[in-house]
Chemist: 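Just passing along the structure, written as structure tokens.
One is the number of the first residue; the rest follow in order along the sequence.
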Amino acid sequence: MIEELLVAVAGTAAAVAVYAGAAARVVKQYERGVVFRFGRLREEIRAPGFTMIVPVVDRLHKVNMQIVTMPVPAQEGITRDNVTVRVDAVVYFKVVDAADALVRVEDYKFAVSQMAQTSLRSIIGKSDLDDLLSNREKLNQGLELMLDSPAMGWGVAIDRVEIKDVSLPETMKRSMARQAEADRERRARVINADAELQASKKLAAAAGVMSAQPAALQLRLLQTVMAVSAEKNSTLVLPIPVELLRFLERAAPAPGAVEAVAGGPEPVTAPLSEAYLKGRVDAAEAVEDLTGASVEPSPREDGVPE
């Protein structure tokens with residue numbers, strides 16, 4: 001009798017152990033458990049930790065609630081300004097409703113991937129090339145809104161969408177390089193012209209000061225000669241004052257001052273011009289300033305100089 005009782009207890013314990021083993025489930029911290037009983041969804045979502053289900057009757061599905069990083073394959077399209085580009089992106093999303101993610105869509109990851117590719121092609125067709133290259137933040141926000149609207153019905157929330165790379169044809173890259181080079185050259189010319197304008201104003205002011213003080217011009221000439229000679233070259237540049245050239249121009253005789261009469265025994269001297277006479281006087285005064293007053297020997301009474 002006792003042996004039969006022990007056998008019954010052992011059998012019951014074994015049945016309970018088998019039942020417990022079949023019914024026991026462990027849900028991890030980043031998961032949620034969705035139970036289907038006879039194919040019908042149970043409203044209760046199993047929290048992380050140890051949980052029990054009815055064997056054979058219930059089916060427990062675990063849904064990962066972590067953020068999923070999904071790369072979007074490169075999509076080729078034509079922008080609004082008729083440029084062919086290839087754009088790839090990455091989508092960050094997570095499941096916020098485990099029951100909807102299992103019931104409302106067959107494979108929520110595949111659905112999000114296809115929706116991301118379609119939305120990316122749509123964004124390419126609505127945007128200009130400059131927006132794809134420099135205004136990506138705005139395009140990322142627009143792409144996120146396009147994905148978030150249908151994904152919320154699947155129990156999925158789009159966390160972030162980023163455009164990773166924009167590939168351009170080689171001809172377009174060369175054209176953009178030429179455009180950038182031309183723009184830099186234009187800015188360089190404008191800066192150079194502005195510098196020339198400022199320098200001309202400073203030089204005009206310096207010329208005004210030097211015209212008031214002639215010694216300043218002579219000092220500047222000496223500085224220029226010193227700067228040229230400091231280069232240790234064999235050529236020395238010595239500027240000639242403009243005043244000296246004007247003096248020589250005034251002192252030169254006018255062309256045709258002396259003309260020979262054809263067939264005459266002696267040349268006939270043409271009358272000298274006033275400019276020539278004035279130049280001679282200025283030259284005599286300049287020579288006198290340089291050498292002093294000329295002293296001529298007084299003639300002796302017999303006409304022979306001493």
Chemist: To check you understand the geometry: which heavy-atom pair defines the closest contact between Asp88 and Ala74, and what is its length?
Modeler: CB-CA, 3.7 Å
Chemist: Any salt bridge linking Glu185 with Arg187? Criterion: basic side-chain nitrogen under 4.0 Å from a carboxylate oxygen.
Modeler: no
Chemist: Quick one: closest heavy-atom pair of Glu31 and Asn64, and the distance?
Modeler: CG-CA, 4.5 Å
Chemist: Please say whether more than 12 non-hydrogen atoms of neighbouring residues, nucleotides or ligands are located less than 6.0 Å from NZ in Lys109.
Modeler: no
Chemist: Output, in order, the C-alpha distance, side-chain angles, deciding distance and verdict of side-chain contact (heavy atoms from CB on, under 4.5 Å) for Lys94 and Val156.
Modeler: CA-CA 6 Å; Lys94 63 180 179 180; Val156 178; over 6 Å; no
Chemist: Taking side chain as C-beta onward, heavy atoms only, is Leu129 less than 4.5 Å from Leu168?
Modeler: yes
Chemist: Any chance you could measure Ile78, atom CD1, to Asn82, atom CG, to the nearest 0.5 Å?
Modeler: 7.0 Å
Chemist: Give a yes or no on whether Leu60 and Val26 share a hydrophobic cluster (residues Ile, Leu, Val, Met, Phe, Trp, Tyr; joining criterion: side-chain heavy atoms under 4.5 Å apart).
Modeler: no
Chemist: Side-chain contact, heavy-atom cut-off 4.5 Å: Val63 with Val34?
Modeler: yes
Chemist: Taking all atoms of both residues into account, what is the closest heavy-atom pair of Arg32 and Met65, and its distance?
Modeler: CG-CG, 3.6 Å
Chemist: Walk me through it: do Phe36 and Arg40 pass the test side-chain contact (heavy atoms from CB on, under 4.5 Å)?
Modeler: CA-CA 5 Å; Phe36 290 91; Arg40 296 177 63 87; over 6 Å; no
Chemist: Check for a donor-acceptor pair, side chain of Asp58 on one end and backbone N or O of Val54 on the other, with a separation under 3.5 Å.
Modeler: yes
Chemist: Quick one: closest heavy-atom pair of Tyr108 and Ala101, and the distance?
Modeler: CD2-O, 3.9 Å
Chemist: Will you find, in the side chains of Glu162 and Asn140, an N or O donor that is under 3.5 Å from an N or O acceptor?
Modeler: yes
Chemist: Answer with yes or no whether the hydrophobic clustering places Leu143 together with Met70; edges join I, L, V, M, F, W, Y residues whose side-chain heavy atoms lie under 4.5 Å apart.
Modeler: yes
Chemist: Could you walk me through whether Met146 and Ser122 pass side-chain contact (heavy atoms from CB on, under 4.5 Å), step by step?
Modeler: CA-CA 10 Å; Met146 293 179 66; Ser122 178; 3.8 Å; yes
Chemist: Decide if atom CZ of Arg160 counts as having more than 12 heavy atoms of other residues, nucleotides or ligands within a radius under 6.0 Å.
Modeler: no
Chemist: What pair of heavy atoms forms the shortest contact from Ile123 to Gly142, and how long is it?
Modeler: CD1-C, 4.4 Å
Chemist: Calculate, to the nearest 0.5 Å, the distance between atoms OG and CD1 belonging to Ser119 and Ile124 respectively.
Modeler: 11.0 Å
Chemist: To the nearest 0.5 Å, what is the distance between OG (Ser149) and CE (Met115)?
Modeler: 8.5 Å
Chemist: Evaluate whether atom CD of Gln66 has more than 12 neighbouring non-hydrogen atoms of other residues, nucleotides or ligands under 6.0 angstrom away.
Modeler: yes
Chemist: Mind checking the CD1-OH spacing from Ile67 to Tyr92? Nearest 0.5 Å is all I need.
Modeler: 10.0 Å
Chemist: Hydrophobic cluster membership, with links at side-chain heavy-atom distances under 4.5 Å among I/L/V/M/F/W/Y: are Met176 and Val166 in one?
Modeler: yes
Chemist: Do you know the tightest heavy-atom contact between Gly33 and Val27?
Modeler: N-CG1, 4.1 Å
Chemist: CG of Asp130 to CG of Asp81: how many Å apart, nearest 0.5 Å?
Modeler: 7.0 Å
Chemist: Does Val95 form a side-chain contact (heavy atoms from CB on, under 4.5 Å) with Trp154? I'd like the steps, not just the answer.
Modeler: CA-CA 9 Å; Val95 177; Trp154 305 334; over 6 Å; no
Chemist: Do Met172 and Val83 have side-chain heavy atoms sitting under 4.5 Å apart?
Modeler: yes
Chemist: For Arg42, look at atom CZ and say whether over 12 heavy atoms of other residues, nucleotides or ligands are found less than 6.0 Å away.
Modeler: no
Chemist: Within a strict 4.5 Å, meaning less than it, do heavy atoms of the Arg80 and Ser127 side chains meet?
Modeler: no
Chemist: With heavy-atom distances below 4.5 Å as the criterion, would you say the side chains of Pro48 and Lys28 are in contact?
Modeler: no
Chemist: For the residue pair Arg25 and Thr51, confirm or rule out a side-chain donor-acceptor distance under 3.5 Å.
Modeler: no
Chemist: For a 4.5 angstrom cut-off between non-hydrogen side-chain atoms, does Val35 reach Arg46?
Modeler: yes
Chemist: Check the hydrophobic clustering (I, L, V, M, F, W, Y; side-chain heavy atoms under 4.5 Å; chains of links allowed) and say if Leu145 and Phe93 are grouped together.
Modeler: no
Chemist: Could you check whether any side-chain heavy atom of Val103 comes within less than 4.5 Å of a side-chain heavy atom of Asp100, counting everything from C-beta outward?
Modeler: no
Chemist: Out of curiosity, Ile163 CD1 to Asn135 CG, how far, rounded to the nearest 0.5 Å?
Modeler: 10.0 Å
Chemist: Is Asp165 close to Val87 at the side-chain level, that is, under 4.5 Å between some pair of heavy atoms?
Modeler: no
